[in-house]
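These numbers come from a predicted model, not from an experiment.
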Amino acid sequence: MRICEATQVRIDQLRKERRLSEYALIYQTGMPGSTVKSILHGKSKNPGIVNIKKIAEGLGVTMREFYDSDIFDELESED
């Protein structure tokens with residue numbers, strides 16, 4: 001799995017755990033809806049650490065908690 005895919009999966013996991021719709025997550029982050037949706041649906045291949053931090057805050061987790069998942073243990077190399 002590539003890092004952008006792992007990031008999508010992790011956001012989705014946390015969003016579902018917190019029972020947040022995509023719209024609610026967008027509201028919580030304060031980011032443009034198009035930006036969040038492009039990350040959630042895999043259109044953004046490099047979402048950027050600042051955007052991930054905003055999403056993590058919107059999910060109510062720290063960056064450490066966001067990346068503390070087995071999903072990130074075995075990533076494919078990026079070319």
Nearest-0.5 Å distance that lies between atom [atom1] in [X] and atom [atom2] in [Y]:
X   : Y   : atom1 : atom2 : value
S21 : I26 : OG    : CD1   : 8.0 Å
I39 : M31 : CD1   : CE    : 4.5 Å
K54 : Q28 : NZ    : CD    : 14.5 Å
E5  : T7  : CD    : OG1   : 9.5 Å
E17 : D12 : CD    : CG    : 10.5 Å

Scan the side chains in residues 42-50 for donor-acceptor partners under 3.5 Å anywhere in the protein, sequence neighbours excluded, and list what turns up.
residue	atom	partner	partner atom	Å
K45	NZ	G42	O	3.0

Review point. Do the non-hydrogen side-chain atoms of L59 and E65 ever get within less than 4.5 Å of each other?
Key: no

Practice item. Report yes if some heavy atom in the side chain of L25 is under 4.5 Å from a heavy atom in the side chain of I11; otherwise report no. Key: yes

Using every non-hydrogen atom in the two residues, find where [X] and [Y] come nearest and quote the distance to one decimal.
X   : Y   : result
L20 : G58 : CD1-O, 4.2 Å
V61 : L14 : CG2-CD1, 4.2 Å
M1  : I71 : SD-CG2, 4.0 Å
F66 : F72 : O-CE1, 3.7 Å
R15 : E22 : NH1-N, 3.7 Å
T62 : A56 : O-CB, 4.4 Å

Review point. Are I52 and L75 linked, directly or through other ILVMFWY residues, by side chains that come within less than 4.5 angstrom of each other?
Key: yes

Review point. What do you reckon, is CD of E74 surrounded by more than 12 foreign heavy atoms closer than 6.0 Å?
Key: no

